[in-house]
Amino acid sequence: MASSSPQSNGSSDHVFRERFEALLPTIQKRWPELARHTLEATRGSMDEVVRLIEDKTGLTSQGVREQLEELMQTAGTRGRHLADSLEPLEEQLEQLLDELNSTLRPRIEKPVRQRPLLSVGVALGFGVLLGMVLSGGRRSR
């Protein structure tokens, strides 16, 4: 069994508190005998969560702490994998937006420059119409 130093222990407690809300479903899946409101009452204190799990399961506090730290590492790894998988999609979206900007912008700018008053009128009419549609159900009588 590896022992952790007080400094690294405090660091993992801080990380646990920050990730507590996201970890709640996983904790409940691992220890279904714990009620959500009981876990929420700990306000993310790792010591309190460890104590609850220890009381309900009979596991040692060190064993519970190690399992919670493992859950945090797994969640962190999943988050990094998700971020890595989204990166190519972000790049694709940027390229598409650049293409759209370069092709659509000239098509829109030319008529607006040729007839600015008509463009303002169309935009105003569209805004009024959209406002009527959106506020239609909220009128007081």
### Summary
CG (D98) and OG1 (T103) are apart, to the nearest 0.5 Å, by 10.5 Å

### Task
Taking all non-hydrogen atoms of both residues into account, name the closest pair between P111 and S119 and its distance.
O-OG, 4.1 Å

### Summary
The residue among R115, E109, K110 that forms side chain to side chain contact (heavy atoms under 4.5 Å, CB included) with R113 is E109

### Query
Is it the case that one hydrophobic cluster holds both L104 and L96, taking links as side-chain heavy atoms less than 4.5 Å apart, direct or via other members?
no

### Summary
Distance col, row L124:CG vs L117:CG, nearest 0.5 angstrom, shows 12.0 Å

